[in-house]
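Working notes, structure below.
Keep in mind that what you see is a predicted model, and the values were worked out from it rather than measured.
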Amino acid sequence: MPRGRYSFHDTHDHTPLGSEHFHCAPGPSGWRYTAQITTPAGDHSGSVDLTLDDLGRPIRLELHAASWQVRGAAIDGVTWVRTDPTGEHAQEGNVPAHAFTGASPAFLIATARLLRLESGAPATRVRLVTFAPPVLAPRTLDQSWVLVKREAHATDNGLLPVDEYQVADLATGEVSTVHIAGDVVLSAPGIELEDLESPPSVFT
């Protein structure tokens, strides 16, 4: 069960944006990721709870940020309920998309798990729904993913396979590189793995 901490920073000026203290693990039904999010000052600012099935589909998502809450799942595309801080109003949304995404590294792992790309295969297009902090506003976006290469790196616990993905935002044309080992993001734009207490899990 990997447990550790990611830090976030602005991709333009490297201003610290906070941290995500996480643990995750494969299970009988798929994979689960939970995390607590903190500000640069160390104050609690939100949480992530994501469960995938064996095919990488989101069967349960719960996000909290600034007293806003989103609960969602893959139902008729993806469906969610977004609740305001007072708890008096709840808005339901549904989009014919493949999965969810967002600021958490969990979503990069989830998308990679959903697509199960092979090295050398052409780019795969995926439609996702993201929830932007601090009010978890929903937005649909299209990305293309390519598995550029898979390399094995030597560690104290043996060889660690690392996948390098090229991810493109089809609306803006912006392209980024993401490195994933098992169920841990090693590097991505604005994300740094600061601490990891146990090796990444290996998906079967």
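Summarising the geometry of Val162 relative to Ala181, their closest heavy-atom pair is CG2-CB, 4.2 Å, with the distance given to 0.1 Å. Nearest approach of Leu196 to Pro2, heavy atoms of both residues: CD1-CB, 4.1 Å. The minimum heavy-atom distance between Gly102 and Phe107, with the atom names listed, is N-CD1, 3.3 Å. Nearest heavy atom pair, residue Ile109 against residue Gly182, reads CG2-O, 4.3 Å. Residues Ala66 and Pro85 share a closest heavy-atom pair of O-CG, 3.9 Å. The two residues Ser119 and Val148 make their nearest non-hydrogen contact at OG-O, 3.5 Å.
Using a distance-only test at 3.5 Å, with no hydrogens or angles considered, no donor-acceptor pair links the side chain of Asn94 to the main chain of Trp80. With Ser19 contributing its side chain and Thr38 its backbone, the two residues share no donor-acceptor pair below 3.5 Å. A distance-only check finds no donor-acceptor pair linking the side chain of Asp49 to the backbone of Glu62 [under 3.5 Å]. Looking only at distances, a side-chain donor or acceptor of Arg82 sits under 3.5 Å from a matching main-chain atom of Val135.
Between the CG atom in Asp84 and the CG atom in Leu136 there is a gap of 11.5 Å [rounded to 0.5 Å]. In this structure, CG in Leu147 is found 13.5 Å from CZ in Arg116, a value given to the nearest 0.5 Å. In this structure, the separation between OH on Tyr165 and OG on Ser144 is 13.5 Å, given to the nearest 0.5 Å. The NE2 atom of His14 lies 9.0 Å from the CD atom of Glu192; values are rounded to the nearest 0.5 Å. Atom NE2 of residue His179 and atom CD1 of residue Ile191 lie 13.5 Å apart, to the nearest 0.5 angstrom. One distance of note links NE2 of His23 with CG of Asp183; it measures 11.5 Å at 0.5 Å rounding.
Taking Arg57 as the reference, Asp53 meet the salt bridge (Lys or Arg N to Asp or Glu O under 4.0 Å) condition, with sequence neighbours excluded. Residues passing the salt bridge (Lys or Arg N to Asp or Glu O under 4.0 Å) test with Asp169, sequence neighbours excluded: none.
The shortest side-chain heavy-atom distance between Ser104 and Tyr33 falls under the 4.5 Å cut-off. Using a 4.5 Å heavy-atom cutoff, the side chains of Thr101 and Val129 are not in contact. A heavy-atom distance below 4.5 Å is not found between the side chains of Thr34 and Cys24. Between Glu164 and Val178 there is no side-chain heavy-atom pair separated by less than 4.5 Å.
In summary, the side chains of His89 and Thr83 do not present any donor paired with an acceptor at a separation below 3.5 Å, with no hydrogens or angles considered.
Under the 4.5 Å side-chain heavy-atom criterion for Ile, Leu, Val, Met, Phe, Trp and Tyr, Ile59 and Phe100 are members of distinct hydrophobic clusters. By the rule that hydrophobic residues join a cluster once side-chain heavy atoms approach within less than 4.5 Å of another member, Val146 and Leu128 end up as members of separate clusters.
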Practice prompt. Take Val175 and Gln166 through the side-chain contact (heavy atoms from CB on, under 4.5 Å) test and state the conclusion after the steps.
Written response: CA-CA 7 Å; Val175 178; Gln166 190 175 78; 3.3 Å; yes
Worksheet item: Between Asp142 and Val126, is a side-chain contact (heavy atoms from CB on, under 4.5 Å) present by the stated rule, with each step listed?
Response: CA-CA 6 Å; Asp142 293 307; Val126 60; over 6 Å; no
Discussion item. Go through it in stages, so that I can follow the logic: the residues are Thr15 and His9, the test is side-chain hydrogen bond (donor to acceptor under 3.5 Å, both in side chains), and I'd like the CA-CA distance, side-chain angles, deciding distance and then a yes or no.
Written reply: CA-CA 5 Å; Thr15 300; His9 61 266; over 6 Å; no
Discussion item. As a quick check of understanding, evaluate side-chain contact (heavy atoms from CB on, under 4.5 Å) for Val184 and Leu193, giving each step before the final call.
Written reply: CA-CA 8 Å; Val184 173; Leu193 178 62; 3.6 Å; yes
Item to complete: Please report the C-alpha distance between Thr79 and Glu92 in whole Å, then the side-chain angles of each, then the deciding distance to 0.1 Å, and finally whether the side-chain contact (heavy atoms from CB on, under 4.5 Å) criterion is met.
Response: CA-CA 7 Å; Thr79 299; Glu92 182 173 322; 3.9 Å; yes
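When the shell of 6.0 Å around CZ of Arg71 is examined, it contains 12 or fewer heavy atoms from other residues, nucleotides or ligands. Within 6.0 Å of CZ on Arg127 lie no more than 12 heavy atoms contributed by other residues, nucleotides or ligands. In the displayed structure, Asp76 atom CG is contacted under 6.0 Å by at most 12 heavy atoms of other residues, nucleotides or ligands. Other residues, nucleotides and ligands contribute over 12 non-hydrogen atoms within 6.0 Å of the CD atom of Glu194.
For the side chain to side chain donor-acceptor pair (under 3.5 Å) with Gln36, the qualifying choice from Glu20, His44, His64, His21 is His44, the only one to do so.
For Phe22 and Tyr6, the ring centers sit closer than 6.0 Å to each other. Annotation: Phe131 is not in aromatic contact with Trp68 [ring centroid separation under 6.0 Å not met].
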